[in-house]
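Below: the structure, in structure tokens.
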Amino acid sequence: FNSLPLFNSLLKGCAPSWVILRSCMQERYEPAGIEAAAQREWDRSGAFAVREDPSRPKYYCLCMFPYPSGHLHMGHVRNYTIGDVLTRFMRMQGCNVLQPMGWDAFGLPAENAAIENRVAPARWTRDNIAHMKRQLQALGFAIDWTRELATCDPDYYRWNQWLFLRMLERGIAYKTTGVVNWDPVDQTVLANEQVIDGRGWRTGAPIEKREIPMYYLRITGYAEELLAALEGLDDWPERVRVMQSNWIGRSEGVNLSFPYEIDGRQGELKVFTTRADTIMGVSFVAVAAEHPLAELAASRDATLRAFVDECRRGSVMEADLATLEKKGVPTGLFVRHPLTGDEIEVWVGNYVLMAYGEGAVMGVPGHDERDFAFAKKYGLPILPVIEVDGRPYSTDAWQDGYADEGRCINSGAYDGLEYDNAIDAIAGDLEKKGLGRKQVVWRLRDWGISRQRYWGCPIPIIHCPACGDVPVPDEQLPVRLPEELVPDGSGNPLAKSPEFYECRCPKCGADARRETDTMDTFVDSSWYFFRFASAGNDHAMVDERAAYWLPVDQYIGGIEHAILHLLYSRFWTRVMRDCGLTTISEPFRRLLTQGMVLNEIWLRKPASGRIAYYNPAEVEAAGEGERRSGVLKSDGQPVEYGGIGTMSKSRRNGVDPQELIDRYGADTARLFTMFAAPPEHTLEWSDEGVEGAFRFMKRLWKIVHAHVQVGSAGEFRLDALEPAQRALRRQLHQTLAKVGDDIGRRRTFNTAIAAVMELLNGIARFDDRSAQGRAVMQEALDLVVLMLSPFVPHAAHALWQALGHSTAVVDERWPAVDPAALAQDTVEIVVQVNGRLRGRVQIAAGAGEAAARAAALADPGVAKFVAGQTVRKFVYVPGKLVNVVV
RNA sequence: GCCCCGGUGGCGGAACGGGUAGACGCUACGGACUUAAAAUCCGUUGGCCGCAAGGCCAUGCAGGUUCGACUCCUGCCCGGGGCACCA
């Protein structure tokens with residue numbers, strides 16, 4: 001060993017053994033020291049701070065930024081490790097890679113924490129950010145922290161306000177009324193999450209619906225484009241495109257009117273239908289409880305009044321409405337069929353949505369399952385008007401196929417017409433009468449962004465008694481959110497804070513009231529990826545740096561964001577485009593939707609008040625499936641099993657990655673997370689298996705240590721390799737090709753790691769101390785360290801140096817596959833008889849069918865099954881398999 | 001309820017364009033080393049039949065297409081995500 005460090009350490013009073021360990025590669029794998037040293041090195045060299053550089057291909061790798069809940073959970077670790085592996089891999093491919101990080105810092109949990117702990121949301125949020133940032137740094141992610149942002153910073157949210165004002169100018173933002181959940185006890189608006197079984201989560205009071213003024217963004221104006229552009233998103237998962245497409249929900253149909261005369265006043269009841277071909281089968285129309293006709297009828301009928309009021313209670317959630325028992329009450333009002341003039345009764349139906357279409361539907365019991373059930377329940381006529389392939393129809397019970405397209409019957413002039421022709425004819429006749437025409441409608445609704453909450457971005461509007469709603473002038477932006485308020489659960493603190501809402505009208509100077517609603521937090525997350533590329537600009541929302549980095553080349557985040565966040569971001573980007581802020585339309589070129597990390601849910605439901613959740617680590621559990629049960633460790637009392645669900649703060653079923661890092665180090669945590677499942681799969685958490693990843697790290701360390709102990713290795717001579725040496729090199733380069741493909745194309749990190757594990761098993765068996773053998777070994781270990789460096793960068797950093805390299809592994813290029821190493825003389829092919837595996841034979845690489853056939857039939861295991869039978873067919877898949885059909 | 005996805009050994013998963021089902025890892029069991037334990041190393045590990053050679057069954061369930069199906073088609077069951085104010 002080196003005697004100088006020994007001397008120095010003796011001077012400082014350290015034990016000599018310490019010196020021996022430090023003066024060469026440590027024998028033991030001790031991640032804590034290794035990881036701290038690598039991170040110090042990256043910090044010192046500023047390895048991950050990047051600048052625009054037109055000379056290199058750029059690569060913008062982005063993970064969905066976290067909500068600063070307080071602690072990292074395994075979903076974060078999974079998400080950011082995927083991003084980091086790709087960041088480091090693309091860097092090794094020679095790209096200029098940007099991987100930024102920020103905080104989705106506004107939102108409800110901060111207000112809940114404030115209510116619980118009497119601490120201001122700003123303080124709580126910033127403390128959480130500081131803590132989570134340390135946790136992220138401990139995981140060694142290659143993040144450019146110089147671009148960090150938090151959406152609660154006025155420097156950020158002022159641009160929400162600025163663009164909102166541009167949208168107002170362009171008519172994209174507008175004001176109208178919207179329905180919210182109202183807690184009558186707390187006198188406050190509740191989020192859907194805060195409504196449990198129709199009651200307020202804190203008060204237990206039955207929730208009412210309330211209509212209040214709100215600001216909306218006209219996303220429907222972009223519906224056509226948002227739908228059409230899905231076609232071009234080739235590198236998005238198919239399922240996400242399908243979900244978005246269904247969400248936007250274009251349907252072509254007919255808008256038609258049922259004329260009426262009520263109390264001597266003429267009117268038209270409008271409905272939309274995609275099945276105008278069934279119009280002769282209409283036996284009732286149903287309207288939503290909020291529909292003007294329902295209101296009119298309720299004003300003179302107590303039963304109806306009670307029913308309409310009942311419909312107006314309960315939650316506003318579509319899932320609740322859709323699972324409701326379908327109920328209806330007749331209004332006693334009649335409208336006229338637009339073609340026949342027959343009288344048709346108007347019903348109020350609790351299943352009709354005011355927000356979709358016209359808030360009214362025509363009831364065709366013969367060909368709509370829901371209408372059928374409704375007609376059966378209330379004794380309304382069921383008229384079959386479509387015949388499919390001559391199939392019989394019975395009104396006794398609904399049958400599959402009744403809703404299929406077919407040929408009109410019992411439809412007068414339309415009899416015999418097929419679906420398309422029938423609709424054309426009917427729409428034509430309706431148009432002649434001025435009672436309808438073909439129309440495209442969208443399921444997509446405009447985006448309501450007003451929230452009656454404190455911890456969000458203020459909407460920059462001033463309400464003046466004289467001038468009305470006046471936009472805050474640009475030079476007065478940002479409208480700053482006061483940061484010291486502490487909500488108490490009743491109403492919005494901003495609305496109780498005169499310091500905030502008292503102001504002067506920018507137009508006339510009179511006393512006025514500032515808008516106290518804040519924006520939906522989805523606004524904040526709809527454009528943050530632009531801001532990372534324009535960090536620090538005080539004068540503009542985005543600048544020319546964004547033009548260099550955008551669009552995001554790879555976006556990674558949870559599948560739970562497949563619709564809302566991704567759709568809002570696509571919309572917002574187009575608005576920015578139309579305002580001249582960018583030239584791109586699609587913000588995310590390639591999307592990876594990471595599966596959720598699930599864990600068990602344990603809870604107690606008290607007789608009243610909110611449900612209490614318990615972390616699985618606090619529960620002693622037993623049994624499987626239906627019989628799963630548990631008791632709380634702290635009090636020994638039973639807790640209810642709530643099944644498997646996403647790890648979430650509200651359900652308290654997260655796993656703390658810190659424990660993992662403290663015990664095994666960041667590299668093991670990263671390696672295990674990537675190895676446990678393919679990134680798109682949901683992952684049911686289990687502590688088992690982490691140990692295996694750690695074992696692999698120790699094994700790798702030990703093998704490199706044993707190799708470098710012997711001294712440096714030379715170069716091998718390709719033409720003088722022994723068969724075992726050639727075999728190892730073949731496996732090495734096959735693995736290299738596979739790992740590059742698995743990471744770069746397939747994004748299957750689990751199989752990449754499995755391949756390296758298999759290779760390391762081969763390396764461990766390779767016991768060759770010759771100069772040639774050691775040279776092959778050196779190549780193998782060099783490549784293994786390079787291949788693993790995106791996954792376990794800290795250990796790779798140390799091992800690369802131990803293998804004798806003076807460069808930092810983080811600056812190395814991804815190695816090239818040596819084609820010479822892959823060459824093979826013979827290949828093994830599988831022989832099937834009648835599709836069943838009966839043997840394997842070696843044949844020359846590139847052999848023809850005749851040679852394969854001869855070899856296959858000569859195999860004794862095969863011959864046994866062919867003997868005495870006629871070969872009817874022979875299938876040959878070159879290089880892979882033959883199938884003898886007898 | 002509607003839209004989307006998934007279901008393979010005791011467990012996580014592999015099989016990439018229809019071509020060897022179970023790679024890799026975990027668990028369990030057996031063995032080596034040790035006074036002992038831990039760690040490490042070696043071996044076995046889908047089910048059934050068989051002394052063995054080997055054979056049969058098997059990818060949620062029921063069918064279908066094909067020389068050949070985890071993979072494609074039809075119907076069903078179960079689990080997960082989303083449903084517009086959790087993020």
Side-chain angles (χ1 to χ4, degrees), chain A residues 64 66-67 69 104 106-109 112 178 180-181 189-195 237-240 242-247 249 316-324 326 351 355 370 400 443-453 520-522 525 558-565 567-568 593 595-596 598 643-646 648-650 672 675-678 680-684 686 688-693 695-696 698-699 702 741-742 745-746 748 750-751 753-758 761 828-832 834-837 840 861 872-875 877 880-886:
Chain A
M64 290 181 186
Y67 178 80
S69 58
D104 189 13
F106 278 135
L108 203 52
N112 295 335
V180 294
N181 302 304
V189 176
L190 296 185
N192 284 339
E193 190 193 47
Q194 297 170 311
V195 179
E238 174 71 14
R239 61 168 158 162
V240 175
V242 171
M243 279 192 273
Q244 290 220 349
S245 169
N246 291 337
W247 184 263
V316 300
M317 280 179 270
E318 191 186 323
D320 290 344
L321 290 171
T323 49
L324 229 51
K326 308 289 173 286
Y351 62 95
R370 196 174 52 183
D400 279 346
R443 208 190 74 95
L444 183 68
R445 308 201 295 261
D446 279 340
W447 175 15
I449 59 157
S450 293
R451 297 290 179 271
Q452 299 68 45
R453 269 189 265 292
D520 181 4
T521 55
F522 273 122
S525 54
I559 183 67
E560 69 274 22
H561 295 292
I563 295 174
L564 292 180
H565 162 62
L567 192 62
Y568 291 149
T593 48
M596 322 233 343
L598 309 181
I644 301 284
T646 66
S648 75
K649 187 162 171 66
S650 58
F672 172 68
F675 179 63
E680 311 233 43
H681 274 211
T682 54
L683 173 62
E684 207 174 303
S686 128
E688 295 150 13
V690 182
E691 197 68 50
R695 209 155 23 219
F696 174 76
K698 287 191 287 192
R699 205 161 128 81
K702 208 164 85 176
D741 188 51
D742 282 355
R745 179 181 63 92
R746 298 179 66 211
T748 52
N750 56 326
T751 54
I753 293 166
V756 179
M757 285 178 167
E758 216 171 340
N761 290 341
E828 184 185 78
I829 62 165
V830 161
V831 184
Q832 296 179 335
N834 287 353
R836 305 190 65 104
L837 175 67
R840 295 154 204 274
R872 298 215 324 263
K873 192 167 179 179
F874 186 85
V875 182
V877 182
K880 268 211 165 150
L881 134 162
V882 300
N883 188 13
V884 186
V885 184
V886 299

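It should be emphasised that the depicted structure is a prediction, and the values quoted were computed from it without experimental measurement. Residue numbers begin at 1 in each chain, while the letters A, B, ... track the order of the sequences.
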On a whole-Å scale, what distance lies between the [atom1] atoms belonging to [N] and [M]?
N	M	atom1	result
B/rG64	B/rC4	C1'	26 Å
B/rG7	B/rC56	C1'	26 Å
B/rG68	B/rC72	C1'	13 Å
B/rA15	B/rC24	C1'	12 Å
B/rA14	B/rG60	P	14 Å
B/rC73	B/rC5	P	11 Å
B/rC77	B/rC67	P	32 Å
B/rU71	B/rA87	C1'	36 Å

Euclidean distance, [Y] [atom2] relative to [X] [atom1], rounded to 0.5 Å:
X	Y	atom1	atom2	result
A/Tyr568	A/Ile563	OH	CD1	10.5 Å
A/Arg451	A/Leu108	CZ	CG	10.5 Å
A/Met64	A/His561	CE	NE2	5.5 Å

Give none if [N] has no partner; otherwise give the nucleotide forming a Watson-Crick or G-U wobble pair with it, both distances under 3.5 Å.
N	value
B/rC24	B/rG12
B/rC61	B/rG75
B/rA32	B/rU40
B/rC2	B/rG82
B/rG54	B/rC49

Where the side chain of A/Leu444 is concerned, which of B/rG13, B/rC16, B/rA84 is the nearest nucleotide? B/rA84
Need one value for [X]: base, sugar-phosphate or nothing, where a base atom within 4.0 Å counts as base even if backbone is also close, heavy atoms only.
X	result
A/Pro66	nothing
A/Lys873	base
A/Phe874	nothing
A/Gln832	base
A/Glu758	sugar-phosphate
A/Thr682	sugar-phosphate
A/Met64	nothing
A/Leu108	sugar-phosphate
A/Gln194	nothing
A/Trp447	nothing
A/Val195	nothing
A/Val830	base
A/Ser525	nothing

Gap between atoms [atom1] and [atom2], on [X] and [N] respectively (whole Å):
X	N	atom1	atom2	result
A/Lys698	B/rC26	NZ	P	11 Å
A/Met317	B/rG1	CE	P	17 Å
A/Asn750	B/rU8	CG	C1'	15 Å
A/Leu837	B/rC67	CG	P	20 Å
A/Asn192	B/rG82	CG	P	13 Å
A/His561	B/rC83	NE2	C1'	15 Å
A/Arg445	B/rC83	CZ	C1'	9 Å
A/Met243	B/rG6	CE	P	10 Å

Does [X] use its side chain to pair, donor to acceptor, with the backbone of [Y] at less than 3.5 Å?
X	Y	value
A/Asp741	A/Arg746	no
A/Asn883	A/Val875	no
A/Arg443	A/Trp247	yes

Is there a side-chain polar atom (N or O) of A/Arg836 under 4.0 Å from OP1 or OP2 of B/rA58? no
From A/Thr751, A/Ile753, A/Val756, residue fulfilling side chain to side chain contact (heavy atoms under 4.5 Å, CB included) relative to A/Asp742: A/Thr751
Return whichever of A/Ala754 or A/Arg239 has its heavy-atom-nearest nucleotide of RNA chain B closer to the 5' end. A/Arg239
Nearest-nucleotide wise, let me know which of A/Gly835 and A/Ala319 is further upstream toward the 5' end of RNA chain B. A/Gly835
What about [X], does its side chain sit under 3.5 Å from the base of [N] through a donor-acceptor pair?
X	N	value
A/Arg745	B/rC16	yes
A/Arg840	B/rU20	yes
A/Asn246	B/rC3	no

Is there a side-chain contact between A/Ile829 and A/Leu881 (heavy atoms, below 4.5 Å)? no
Provide the closest heavy-atom pair for A/Ile559 versus A/Met596 in the form atom of the first, atom of the second, distance. CG2-CG, 3.9 Å
Chi class for B/rG7: syn within 90° of 0, otherwise anti: anti
